Asker: 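Have a look at this one before I ask anything.
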Number of protein chains: 4
Amino acid sequence: MPDNREIIIEATQRLLQSHGLARLTTRDIARGAGVAEGLIYHHFKDKAELIFEVVLERVRNTKDVLQNLPLQVGTNTIKENLEEVLHTIYRGHYEIVPIICSMFADRRLHIRMLEIMKERNLGSQKAIEGLTVYLAAEQRLGRLSGNINPQAAANCLWLISIQSAMNDNLMENAVNDTDVRRQISDYVQTLMAGMAPSDKTGKIKKAKK
Amino acid sequence: MPDNREIIIEATQRLLQSHGLARLTTRDIARGAGVAEGLIYHHFKDKAELIFEVVLERVRNTKDVLQNLPLQVGTNTIKENLEEVLHTIYRGHYEIVPIICSMFADRRLHIRMLEIMKERNLGSQKAIEGLTVYLAAEQRLGRLSGNINPQAAANCLWLISIQSAMNDNLMENAVNDTDVRRQISDYVQTLMAGMAPSDKTGKIKKAKK
Amino acid sequence: MPDNREIIIEATQRLLQSHGLARLTTRDIARGAGVAEGLIYHHFKDKAELIFEVVLERVRNTKDVLQNLPLQVGTNTIKENLEEVLHTIYRGHYEIVPIICSMFADRRLHIRMLEIMKERNLGSQKAIEGLTVYLAAEQRLGRLSGNINPQAAANCLWLISIQSAMNDNLMENAVNDTDVRRQISDYVQTLMAGMAPSDKTGKIKKAKK
Amino acid sequence: MPDNREIIIEATQRLLQSHGLARLTTRDIARGAGVAEGLIYHHFKDKAELIFEVVLERVRNTKDVLQNLPLQVGTNTIKENLEEVLHTIYRGHYEIVPIICSMFADRRLHIRMLEIMKERNLGSQKAIEGLTVYLAAEQRLGRLSGNINPQAAANCLWLISIQSAMNDNLMENAVNDTDVRRQISDYVQTLMAGMAPSDKTGKIKKAKK
DNA sequence: AATGAATGAGCTTTCATTCAT
DNA sequence: GATGAATGAAAGCTCATTCAT
């Protein structure tokens, strides 16, 4: 007994990738799923909610990784852990970001999207929480500098990986895994090392001029 | 005699920023430009061509954002300079977020845009170049750590500010200048200080397990 | 064991009053009754039959409104009695306005309703009868002018109160009891005093030109 | 050169009478008018506004009569003038009332209808104004009792004629002009004479019992 | 060049009704 | 009797585009 709700979500996911959101109609979705158009509205309040469900499904894996991150506290190197996190966020969002952006290109969908997120108490801050907790824990273990603010650092990592994915997708950069990982490694390296000169103590030097 | 072609483009640009592409109708554009709907089709083959013209103009402007940065080498504190840069990128992108999103929503527009950018050698890497040059110069002056890769660092700064702007725009966060600047300051602070513990030498410690 | 047929009818009645017919769906009804949508079709041939059953019940009740009025003959003041009557008619109809409107909206329902009313000798003239009898009795007691036709007067009172209720309901006027009573009082006062000049004898003066 | 806006209104008017509102679709209207469906939305904001326009067109005549009523001050007999007014209101609303009621059976149309009325500053009080002014003027001339409130009296007349029309339409009473005029004559007679006993002075007697 | 009325295909959404369980 | 997932035929409305003037 096939679950039509799942079938609809899967068909939407498939069509979203081949056609894009702007040209995707509920008729296409129904045809693609092999069900009546009306059934969509039995399982989802409206088209926006269906699209949102697709995005959620995709993001779920990322969310799990971030939530389980605190379990990694003290294991491996920090750099290894962070690279893994950034890679997960990157991969989890590479295909989703254009869909989300598409929704924001449509005023009506945009508004509805924000409503749904409010209803379900979702938002990127929620997703980042696990990362923030992890960083704070590593900081307490002395594996991270006491000078940084875990929340700000988590935000930086999040923003970099999301925007990388978005940028690569928008510019259609080659995205073989080796390149992605090398790039991420560079970013993490930069964030770990810090840009201030090596004699720094967390205070920023004035120009000597 | 005002040039109606220009007037139409300007109105489209304005409306694209405030309303996004998906619900922007030729009627809206005509009304916004104060001309008849039919006139659009005298000046442009179709709606897509008009939109394309507008987006192209925006992309042309983007690369100028960071051109003047190298002039700041050695002046002020690094932190001050970087905060100013991030703020500039943030503000410059905040308003074109709906246009960027629109490109994700319309596959044909997206593809044409990429072709043009390739032809004319545009693209974010170009825009970041000024920032990279600046960072390298400061590094030579000893005002930045020798351990970082200027290109990677420039990328980090770029990605963070763009994605901040997108996030704030799309999630309809409050964006008064004070909040934006505080946020940016936190990010720069994190990047300057680095996340590795204070005895770091650029090498990453293993977990002591 | 509660009788689901009755439960469905009650829920429909309630919803018809608050929401009107046109947007009242079988889903709403089922939800309101706490049963499955399909069950409606076990108890009623189709939606029309269910609605019909409900409207019929309302019409049955309406004629009782004025039955007790003749009992008031000679008691209180006429004005008090009439104000009470108008208020009763007003209140009794205020809540069924959406149902009356629904009959105008659905031709089939309208026709069936008329047939039933003819068959069973229902109708507003029947309902007004009590009022007419009352007025005639008061006229015989000398408490009402001998110049009026009790039937016409009863009709006037009836029409005014019904239409007041409709108007207030449809225009979403504020309808606190004080306002309603003041309004009714004005109408009764007008009807009691009569519009002809005070030297009137029931005959209408010509303009003196 | 036929005016399509008028053609659409006329077709709607025609179809409204034969089919009723509940089953009247925009497709039917377009077909009936011989134009494209989209054209309706070029001339009217939505279906509600079109329907409303039809009602307005019909009511316009009534409105004119009421507004010109003050010109009749002092001419003919009061009774003649009032009978003419009530007859005009009755005739002008006989076919309109069911349409208006139908709109109120549909929650969405109801709300939209009230919006439109607010936008255009319409409402029954506006229509009654002319009648109120007329009554007040006749009162000053001594042709109407000084004991009545012109506003309340105007309301009574209005409510009676509207509800008569509605009642006759709903009950499908015979409505040949002779019957209608006789009925109206009875109502006016009642209102003129007043219901209080002939020795009245405008004060209401207590029951002597 | 400029207008704006007119088109018509296509969109999302609604909803009475059916039917396997 | 009772369920609720599933249907599919509309419904109201949108909008890029055309064309007579």
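In what follows, every chain begins at residue 1, and chains take the letters A, B, ... in the order their sequences are listed. Bear in mind that the values here come from a model prediction, so they are computed numbers and not experimental data.
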Asker: I need the CD1-C1' distance between D:Ile51 and F:dG12, as an integer number of Å.
Answerer: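 For the pair D:Ile51 CD1 and F:dG12 C1', the rounded distance is 12 Å.
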Asker: Any pair with a residue in residues 37-47 of chain C that passes side-chain hydrogen bond (donor to acceptor under 3.5 Å, both in side chains), sequence neighbours left out, goes on the list, sorted by first then second residue, please.
Answerer: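 Output for this query lists C:Thr26-C:Glu37.
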Asker: Just by distance, do the side chain of A:Arg14 and the backbone of A:Gly32 share a donor-acceptor pair under 3.5 Å?
Answerer: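 Confirmed, A:Arg14 side chain pairs with A:Gly32 backbone.
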Asker: Without swapping roles, check the side chain of A:His110 against the backbone of A:Ala105 for a donor-acceptor pair under 3.5 Å.
Answerer: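 Side chain of A:His110 to backbone of A:Ala105, a donor-acceptor pair under 3.5 Å: no, none is there.
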Asker: What is the distance, rounded to the nearest whole Å, between atom NE2 of B:His19 and atom C1' of F:dT14?
Answerer: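 Nearest whole value for this atom pair: 16 Å.
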Asker: In B/S/- notation, 5' to 3', how is nucleotides 9-18 of chain E contacted by protein heavy atoms closer than 4.0 Å?
Answerer: -BSBBBSBBB
Asker: Which atoms form the tightest heavy-atom contact between D:Ser124 and C:Asn167, and what is the distance?
Answerer: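 Taking every non-hydrogen atom into account, OG-ND2, 3.7 Å.
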Asker: Could you check how far CD1 of D:Ile40 sits from C1' of F:dT14, rounded to whole Å?
Answerer: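 The answer, rounded to whole Å, is 13 Å.
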Asker: What's the spacing between A:Ile9 CD1 and A:Ile40 CD1 if we round to 0.5 Å?
Answerer: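 Here the rounded value is 11.5 Å.
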Asker: For F:dA5, take OP1 and OP2 only and decide whether either is under 4.0 Å from a side-chain N or O of A:His42.
Answerer: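 True: A:His42 side-chain N/O within range (under 4.0 Å) of F:dA5 OP1/OP2.
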Asker: Using a 6.0 Å cut-off, check whether atom CZ of D:Arg108 has over 12 heavy atoms from anything other than its own residue.
Answerer: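 Check fails, neighbour count at 12 or below.
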Asker: Using atom types as modelled and distance alone, determine if a side-chain donor or acceptor of A:Asn169 lies under 3.5 Å from a backbone N or O of A:Tyr94.
Answerer: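 Looks like yes, one N/O pair under 3.5 Å.
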Asker: Looking only at the side chain of D:Ala36 (C-beta and beyond, no hydrogens), which of the listed nucleotides E:dT3, E:dT7, E:dA6 gets closest?
Answerer: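 So the side chain of D:Ala36 is nearest to E:dT7.
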Asker: Salt bridge or not for D:Glu53 and D:Arg120, using N-O below 4.0 Å?
Answerer: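 Yes, charged N to carboxylate O under 4.0 Å.
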Asker: Measure CZ/D:Phe44 against P/E:dA5 and give the value in whole Å, please.
Answerer: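 Atom CZ in D:Phe44 sits about 12 Å away from atom P in E:dA5.
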Asker: Salt bridge check, C:Glu115 against C:Arg112: does any charged N sit closer than 4.0 Å to a carboxylate O?
Answerer: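 Salt bridge flag = no for C:Glu115 with C:Arg112.
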Asker: Return the value, rounded to whole Å, for the distance between atom CD1 of A:Ile29 and atom C1' of F:dT7.
Answerer: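 Value for this atom pair: 18 Å.
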Asker: Can you tell me how far P of F:dA16 sits from CG of B:Leu21, to the nearest Å?
Answerer: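 Distance check: B:Leu21 CG to F:dA16 P gives 9 Å.
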Asker: Can you check the D:Glu6 CD to E:dA5 P distance for me, whole Å?
Answerer: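 For the pair D:Glu6 CD and E:dA5 P, the rounded distance is 15 Å.
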Asker: Strictly below 4.0 Å: does C:Asn4 bring a side-chain N or O up to OP1 or OP2 of F:dG1?
Answerer: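 No, outside the criterion.
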Asker: Given F:dT7, F:dG1, E:dA1, identify the nucleotide with an atom nearest to the side chain of B:His43.
Answerer: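 Nucleotide nearest to B:His43's side chain: E:dA1.
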Asker: Distance check needed: E:dA2 C1' versus B:Ile7 CD1, whole Å only.
Answerer: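 Taking atom C1' of E:dA2 as the reference, CD1 of B:Ile7 is at 13 Å.
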Asker: Using the criterion of both pairing distances under 3.5 Å for Watson-Crick and G-U wobble pairs, give all stems of 3 or more consecutive pairs involving DNA chain F.
Answerer: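 Consecutive-pair runs (3 or more) involving DNA chain F: E:2-21 with F:2-21.
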